[in-house]
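Counting convention: from 1, in listed order, for ligands and their atoms alike.
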Amino acid sequence: MSRPPRDSRAAALALLTGVLDEHRTLDQLAPAALASLPPAERALAQRLAATTLKRLGQIDALLAPRLPRGLKSLPPAARGALRLGVAQRWFADIPAHAAINTSVNLLGRQTKLKGLVNAVLRRLEESAEATLAAQDAARLNTPDWLWRTLEARFDGATARAIASAHLAEPPLDVTLKPGLDAAEWAGRLGATVLPTGSLRLPRGGDLAARPGHGEGLWWVQDAAAALPARLLAPRPGEAIADLCAAPGGKTLQLAAAGARVMALDNQEKRLVRLHENLARTGLEAEVIQADAATWTAPRPLDAVLLDAPCSASGTVRRHPDLPHLRRGGDVGPLLDIQRRLLANAAGLLRPGGRLVYAVCALSRAEGPDLIADLPAIAPDLAPDPFSPQERASLPGLLVEGATVTTHPALWPELGGLDGFFMARLRRRG
Ligand SMILES: C[S@@+](CC[C@H](N)C(=O)[O-])C[C@H]1O[C@@H](n2cnc3c(N)ncnc32)[C@H](O)[C@@H]1O
């Protein structure tokens, strides 16, 4: 990017073309695209880019009949301006004149392209509403690889419900430090207490200005992401390794329960965030930069949390760039590291020690299939099924034996939760 974007629409265009034409992630693009904007413009740019990416299938289907030579024949900026125009007008509640003018203006002095974008967006005024009403939004907005991933794992209705849930804004959940009264804090934060104890906050505003943030009494963590550490049931004084720890949401839970935590990650930059999170919450863990697939513990451990690197297909609501970047959904290389991490983790445990394997992924391969292959990966580990009381503490979630699955279409009346697969295992002995 040559010059920093001057306003929200230019920044949204930079984000969009960065993802779709340069195959970079929103996280990689955001610093350069957004740094020069005031907070409100920044938030609008992010909302417009996210909305366009979430609705890309519908938007392109709407535009296609208006472009005889196809969207691909246009330069990236014109393609992006058209997509942003439709997103603003039809999916972001921006009035027609503002949506069209701001999109046309993105093309600067390119008079011909401006004319084209203007004409296409104006002509859509006649037909878009009826066309959109007849579209299959869930299917159109889900790239084939993701649709196939969902259909391979869930029944057709559930796969479709998950694809629909991806279109909504993700909720904002926090985990409270143990010992705090959830109902009282829900009141102070204007939040709802979720069935598994996380609090769901209203979005918007400055998170750091909310009560309790400065004192480190809670941290942002999706309700599903809070479950793996809970399922491990950490006890005070236990020696526990959090093997893929950064930025540290689960480390904080384990440390807050009083465990002696070794928090490992192989990425130095991500460990900086982990240190910051520990400092803000006043919690302690031994932070170690290491490859968890080969690391050896100083002594046998009581428990291990393995929140393995994964395809992150359970977090599409939060990462609308992901479906457009992960072409083909090839999880092969991830399976290799997941298997190696699990095998090494098994060897760190004392006999009888516990392990929770977790991925924020919805593919069969990274979840149930991997655990079905446990005898080949880690013969010393066995599934540790949940008791009836534990099952009762996970209402509305998919609990089967020693595994729990969550996805964005569960708890529909509350707004869903991220997609996770978790398995609780125990070392024989
Ligand atoms: C899903 S994220 C972890 C999120 C974290 N547990 C939390 O709750 O905040 C996976 C992490 O695994 C780390 N990672 C990937 N391969 C690793 C390896 N071989 N050894 C250690 N950490 C690894 C990544 O750097 C990344 O931070």
Tell me which one of Leu252, Asp307, Leu341, Asn266 gets a heavy atom nearest to atom 22 (N) of ligand 1.
-> Asn266

What do we get for Ala245 next to ligand 1 when only non-hydrogen atoms under 4.0 Å count, side chain, backbone, both or neither?
-> backbone

Indicate yes or no: at least one non-hydrogen side-chain atom of Pro171 is less than 4.5 angstrom from one of Arg317.
-> yes

Do any nitrogen or oxygen atoms of Ala308 come within less than 3.5 Å of a nitrogen or oxygen of ligand 1?
-> no

Salt bridge (Lys or Arg N to Asp or Glu O under 4.0 Å) with Asp173: which of Arg203, Arg200, Arg318?
-> Arg200

Counting both backbone and side chain atoms, is some N or O of Ala293 under 3.5 Å from an N or O of ligand 1?
-> no

What about Gly248: any of its N or O atoms under 3.5 Å from an N or O on ligand 1?
-> yes

Can you check salt bridge (Lys or Arg N to Asp or Glu O under 4.0 Å) on Arg354 and Asp384, steps first, answer last?
-> CA-CA 8 Å; Arg354 311 166 327 268; Asp384 182 14; over 6 Å; no

Close-contact set for ligand 1 against Asp291 heavy atoms, below 4.0 Å | 18 (C), 19 (N), 20 (N)

Where does Cys360 meet ligand 1, judged by heavy-atom distances below 4.0 Å: at the side chain, the backbone, both, or neither?
-> neither

Working to the nearest 0.5 Å, report the span between CG of Leu82 and CD1 of Ile59.
-> 10.5 Å

Just need the protein heavy atom nearest to atom 12 (O) of ligand 1, so name the residue and atom and give the distance.
-> Cys244 CB, 3.2 Å

Proximity to ligand 1 by part of Leu243, non-hydrogen separation under 4.0 Å | backbone

Below 3.5 angstrom, do we get any N/O pair linking Asp265 and ligand 1?
-> yes

Between Lys250 and ligand 1, find which residue part has any heavy-atom pair under 4.0 Å and reply side chain, backbone, both or neither.
-> both

Is the Lys NZ or Arg CZ of Arg139 less than 6.0 Å from the centre of Trp147's six-membered ring, within 45° of the axis?
-> yes

Interfacing atoms of ligand 1 (cut-off 4.0 Å, heavy-atom, Gln267) | 25 (O)

Any N or O of Pro309 that comes nearer than 3.5 Å to an N or O of ligand 1?
-> no

Atom OG1 in Thr158, atom CG in Leu150: separation rounded to 0.5 Å?
-> 10.0 Å

Of all the atoms in ligand 1, which lie at a distance below 4.0 Å from a heavy atom belonging to Pro247?
-> 9 (O)

Measure the spacing between CG of Leu176 and CH2 of Trp218 and express it to the nearest 0.5 Å.
-> 9.5 Å

Side chains of Gln289 and Gln267: donor-acceptor distance under 3.5 Å anywhere?
-> no

Does at least one non-hydrogen atom of Leu264 fall below 4.0 angstrom from an atom of ligand 1?
-> no

Could you check atom 20 (N) of ligand 1 against the protein and tell me its nearest heavy-atom contact, residue, atom and distance included?
-> Ala292 N, 2.9 Å

Is Ala290 near ligand 1, meaning one of its heavy atoms is under 4.0 Å from it?
-> yes

Go through the steps to decide whether Arg42 and Asp7 satisfy the test salt bridge (Lys or Arg N to Asp or Glu O under 4.0 Å), and finish with yes or no.
-> CA-CA 8 Å; Arg42 204 179 302 162; Asp7 62 30; over 6 Å; no

Report the C-alpha distance between His407 and Phe154 in whole Å, list the side-chain angles of each, state the deciding distance to 0.1 Å, and finish with yes or no for ring-ring contact (aromatic ring centres under 6.0 Å, His included).
-> CA-CA 10 Å; His407 62 68; Phe154 302 100; 5.2 Å; yes

Give me the one residue out of Thr52, Thr17, Asp60 that meets side-chain hydrogen bond (donor to acceptor under 3.5 Å, both in side chains) with Arg83.
-> Asp60

Main-chain N/O of Asp418 paired to Asp222 side chain as donor or acceptor, under 3.5 Å = yes

Top protein contact for atom 27 (O) of ligand 1, by heavy-atom distance = Arg270 NE, 2.5 Å

Do any N/O atoms on Gln221 end up under 3.5 angstrom from N/O atoms on ligand 1?
-> no

